[in-house]
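What follows is a set of notes on a single structure, which appears directly below.
Numbering of residues begins at 1 and proceeds along the displayed sequence. Hydrogens, waters and symmetry mates are skipped; everything else that's a heavy atom, side chains included, is used.
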Amino acid sequence: MAKVMAISNQKGGVGKTTTAINLAAGLSAAGKTVLLVDFDSQGNASQGLSAFFTEDQPTVYSVLMEGVPVQEAVVRSEANGFDILPANLALAGADLEMDKQGAGKEQLLSRALEPLRDQYDYILIDCPPSLGLLNTNALTAADTVLIPVQCEYYALEGITQLLITIRLVQHTSNPGLRIEGILMTMYDIRTRLSVEVAQEVRQTFGRLVYQTSIPRNVRLSEAPSRGLSIFQYDPRCTGAQKYQALTEEILERARQEGFHE
């Protein structure tokens, strides 16, 4: 059975999609079978992986709201070595449509992904920058949550708000949900702010915080324009090295937990 990992923070611009794409590529390069679920109506992960090959390509919205079998919506990213369940702007209205579903509306994504759980080692969900029903669906479907946190003054406030949502989901729809880890992003060792924020987050959350921090790196920003992960675009750059280190750290934690030994 796949380990389902939501990559979530209600704040935008903290590196969720960059982390989702490059962690998927890193896990794939390590020999794992990976599905990336784009669950953000902006569809940045889908665009960054060139996941739309035809105009009538089914999306995660098609699966949740139109009854399309999930297998028909999955697209292979040959260049990057993993599969993607794409999204587009149609997903923007899903929050309201889900709200009309009544009982079980938090479990729509979980039920949709169930047929795929025995086909992958990892399913990564790139969550929207919000705390609405889409995010609740992602957390309900997930086994764990990876939280990217930008090195800025309001970092801890953002984590605190997400932790409240996680506790709510644990009490209502997914009691087994736990935190996978907290990832410091856009880290710049040259600035006192980055260093102080990282220290504060580590003091507060201890070993939940990954040893690896992701720096600001222009190559990470350029890679999506070519439809590639950082490993295919520039494997020697600092961004690639850091995402490789993160992948190894995640796999080591999984080995310690006895997952996919």
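Across every non-hydrogen atom of A73 and L85, the tightest pair is CB-CD1, 3.4 Å. Among all heavy-atom pairs drawn from P128 and F39, the shortest one is CD-O, 3.3 Å. Residue G13 comes nearest to M186 through the heavy atom pair O-CE, 2.9 Å, listed as atom of the first residue, atom of the second, then distance. Considering every non-hydrogen atom in both C127 and S8, the closest pair reads SG-CB, 3.9 Å. Minimum heavy-atom separation, V68 to P58: CG1-CB, 4.1 Å. What you find for L64 and A112 is that their closest heavy atoms are CD2-CB, 3.8 Å.
In the model, T140 has no side-chain atom that pairs as donor or acceptor with a side-chain atom of Q107 under 3.5 Å. No side-chain N or O of S130 forms a donor-acceptor pair with one of N135 less than 3.5 Å apart. Checked by atom type, the side-chain pair Y243/E248 shows no donor-acceptor distance below 3.5 Å. In this model, no donor atom of one side chain and acceptor atom of the other lie less than 3.5 Å apart for S173 and E106. Judged purely by distance below 3.5 Å, without hydrogens or angles, the side chains of S229 and Q232 pair a donor atom with an acceptor atom. A donor and an acceptor atom, one from each side chain of D121 and T33, are located under 3.5 Å apart. Looking at Q161 and Q10, their side chains do bring a donor and an acceptor atom within 3.5 Å of each other.
Counting only distance, with no hydrogens or angles, the side chain of R253 and the backbone of E180 share a donor-acceptor pair below 3.5 Å. Of the possible donor and acceptor atoms, one in the side chain of K16 sits under 3.5 Å from a partner among the backbone N and O of N9.
We find that E222 and R219 are joined by a salt bridge, their nearest charged nitrogen and carboxylate oxygen being less than 4.0 Å apart. Using a 4.0 Å cut-off between charged side-chain N and carboxylate O, K3 and E257 make a salt bridge. One finds a salt bridge joining D143 and R117 here, because a Lys/Arg side-chain nitrogen approaches an Asp/Glu carboxylate oxygen to under 4.0 Å.
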(message) Using the rule given for side-chain contact (heavy atoms from CB on, under 4.5 Å), can you reason through D83 versus R76, listing the C-alpha separation, both sets of side-chain angles and the distance that settles it, and then say yes or no?
(response) CA-CA 4 Å; D83 292 345; R76 181 70 177 173; 2.7 Å; yes
(message) One pair to check against side-chain contact (heavy atoms from CB on, under 4.5 Å): T17 and Q42. What are the steps and the verdict?
(response) CA-CA 11 Å; T17 299; Q42 297 177 77; over 6 Å; no
(request) Apply salt bridge (charged side-chain N to carboxylate O under 4.0 Å, His left out) to the pair R255 and E252, showing each step before the final yes or no. (result) CA-CA 5 Å; R255 281 190 287 270; E252 179 55 32; 3.2 Å; yes
(request) Mind running side-chain contact (heavy atoms from CB on, under 4.5 Å) on N174 and L139 for me, showing each step along the way? (result) CA-CA 8 Å; N174 187 3; L139 296 178; 5.9 Å; no
(message) Under the criterion side-chain contact (heavy atoms from CB on, under 4.5 Å), I'd like the reasoning laid out for L163 against F205: C-alpha separation, chi angles, the key distance, then a yes or no.
(response) CA-CA 12 Å; L163 290 179; F205 294 100; 3.6 Å; yes
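Side-chain contact between K105 and E97 is absent, with no heavy-atom pair separated by less than 4.5 Å. L220 has its side chain out of reach of Y233: every pair of non-hydrogen atoms, C-beta onward, lies at least 4.5 Å apart. Counting heavy atoms from C-beta on, the side chains of P129 and K11 never come closer than 4.5 Å. The shortest distance between side-chain heavy atoms of I7 and I125 does not fall below 4.5 Å. Within the 4.5 Å cutoff, side-chain heavy atoms of L183 are placed close to those of L246. Between V74 and L35, some side-chain heavy-atom pair lies under the 4.5 Å cut-off. Taking 4.5 Å as the limit, some side-chain heavy atom of Y210 sits within range of a side-chain heavy atom of I250. Counting heavy atoms from C-beta on, the side chains of N80 and F231 never come closer than 4.5 Å.
Residues L193 and M184 are members of one and the same hydrophobic cluster, defined by side-chain heavy-atom contacts under 4.5 angstrom among Ile, Leu, Val, Met, Phe, Trp and Tyr. L208 and V14 fall into different hydrophobic clusters, where Ile, Leu, Val, Met, Phe, Trp and Tyr side chains are chained together by heavy-atom contacts under 4.5 Å. Residues M98 and L91 share a hydrophobic cluster, clusters being chains of Ile/Leu/Val/Met/Phe/Trp/Tyr side chains in contact below 4.5 Å. L109 and L134 fall within the same hydrophobic cluster, defined by Ile, Leu, Val, Met, Phe, Trp and Tyr side-chain heavy atoms under 4.5 Å apart, directly or through other members. By the rule that hydrophobic residues join a cluster once side-chain heavy atoms approach within less than 4.5 Å of another member, V209 and I179 end up as members of one cluster.
Put simply, CG on L168 and OG1 on T136 are 7.0 Å apart, with the number rounded to the nearest 0.5 Å.
Taking a 6.0 Å sphere around CZ of R226, one finds it holds 12 or fewer heavy atoms contributed by other residues, nucleotides or ligands.
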